[in-house]
Amino acid sequence: AGVIAFVSMVWLRGTSNAFVGTLSNQPATLVPQEKKAKPSPAAFKVARKFIETAVLRKDVDAAWPIVHVDLKGRMTRKEWDTGNIPVVDYPANNAKTAAFQVDYSYQTEMLLEVNLVAKKGSPSTVRPNLDFYLGLKRAKGKLNGRWLVNYWEPHWRPPVPLANAG
């Protein structure tokens with residue numbers, strides 16, 4: 001044990017976390033805060049179309065132009081059209097009527113929550129209702145860019161089992 005300690009202290013000594021770079025005396029660059037904006041009706045329209053197409057897996061081809069690269073990644077159009085897409089699907093009965101709750105709304109970005117209810121007869125593995133987060137960004141971050149869906153995730157965590165239960 002003593003030999004290992006000696007070897008690690010003498011031959012394997014680190015840099016002792018010494019900072020060798022030069023420190024700047026310039027003030028830090030601050031990121032400007034986003035300006036809050038009234039939720040855009042156009043963004044809600046895109047969100048609804050996304051649920052009706054990509055989430056329901058009905059006409060995924062129509063979803064391609066309203067999905068931001070943040071969500072589709074490096075998928076090609078041909079890969080997307082197979083229906084094997086990075087969007088959690090859900091057999092929603094209320095895709096056309098589900099209400100959106102706005103978490104935040106800025107000039108170029110929005111985050112919504114939506115509660116979807118499963119169609120009758122859905123498999124038992126499908127939760128009867130499920131909340132989702134839906135994010136939208138304007139194309140190229142421009143104030144007049146069209147709205148695109150950049151985020152879609154279920155807002156659900158599996159229950160933590162109790163200790164010594166059953």
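Predicted model, so just to flag it, every value in this text is computed and none were measured.
Under the 4.5 Å side-chain heavy-atom criterion for Ile, Leu, Val, Met, Phe, Trp and Tyr, Y90 and L56 are members of distinct hydrophobic clusters. L143 and Y106 end up in different hydrophobic clusters when Ile, Leu, Val, Met, Phe, Trp and Tyr side chains are linked at under 4.5 Å. One hydrophobic cluster holds both L130 and V88 under the rule that ILVMFWY side chains link at heavy-atom gaps under 4.5 Å.
Y151 OH to L71 CG: the interatomic distance, rounded to the nearest 0.5 Å, is 10.0 Å. For the atom pair OG1 (T108) and NZ (K137), the distance works out to 8.5 Å, reported to the nearest 0.5 Å. The line from CG of L111 to CG of L134 is 8.0 Å long, rounded to the nearest 0.5 Å. Separation of atoms CG (L148) and CD1 (I66) is listed at 8.5 Å; rounding is to 0.5 Å. Atom CZ of R127 and atom CG of N129 lie 7.0 Å apart (nearest 0.5 Å). The line from CG of N150 to CE of M110 is 11.5 Å long, rounded to the nearest 0.5 Å.
By the 4.5 Å heavy-atom criterion applied to side chains, V55 and F50 are counted as neighbours. Side-chain contact check for E109 versus Y104: some heavy-atom pair is nearer than 4.5 Å.
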- Message: As a quick check of understanding, evaluate side-chain contact (heavy atoms from CB on, under 4.5 Å) for E113 and D103, giving each step before the final call.
- Response: CA-CA 7 Å; E113 288 184 53; D103 283 357; 2.8 Å; yes
- Report the C-alpha separation of I85 and W64 in whole Å, then their side-chain angles, then the decisive distance to 0.1 Å, and conclude whether the side-chain contact (heavy atoms from CB on, under 4.5 Å) test is met. CA-CA 10 Å; I85 58 178; W64 174 265; over 6 Å; no
- Message: Pair W80, V87 - check side-chain contact (heavy atoms from CB on, under 4.5 Å), show working.
- Response: CA-CA 10 Å; W80 182 272; V87 174; 4.1 Å; yes
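Judged by distance alone, the side chain of S105 and the main-chain N or O of A37 form a donor-acceptor pair under 3.5 Å. Put simply, the side chain of R138 gets close to the backbone of Q107: a donor and an acceptor are under 3.5 Å apart.
The shortest heavy-atom contact between A43 and L136 is O-CD2, 3.7 Å. Among all heavy-atom pairs drawn from A118 and V126, the shortest one is CB-CG1, 3.9 Å. A pairwise comparison of heavy atoms in V102 and P39 identifies CG2-CG, 3.9 Å as the closest pair. Nearest heavy-atom pair, A95 versus I51, reported as atom, atom and distance to 0.1 Å: CB-CG2, 3.8 Å.
Classification of the F132-W152 ring pair by plane angle, with boundaries at 30° and 60°, yields parallel.
Legend: side-chain hydrogen bond (donor to acceptor under 3.5 Å, both in side chains) pairs involving residues 35-56, not counting sequence neighbours, sorted by first then second residue: S40-W147.
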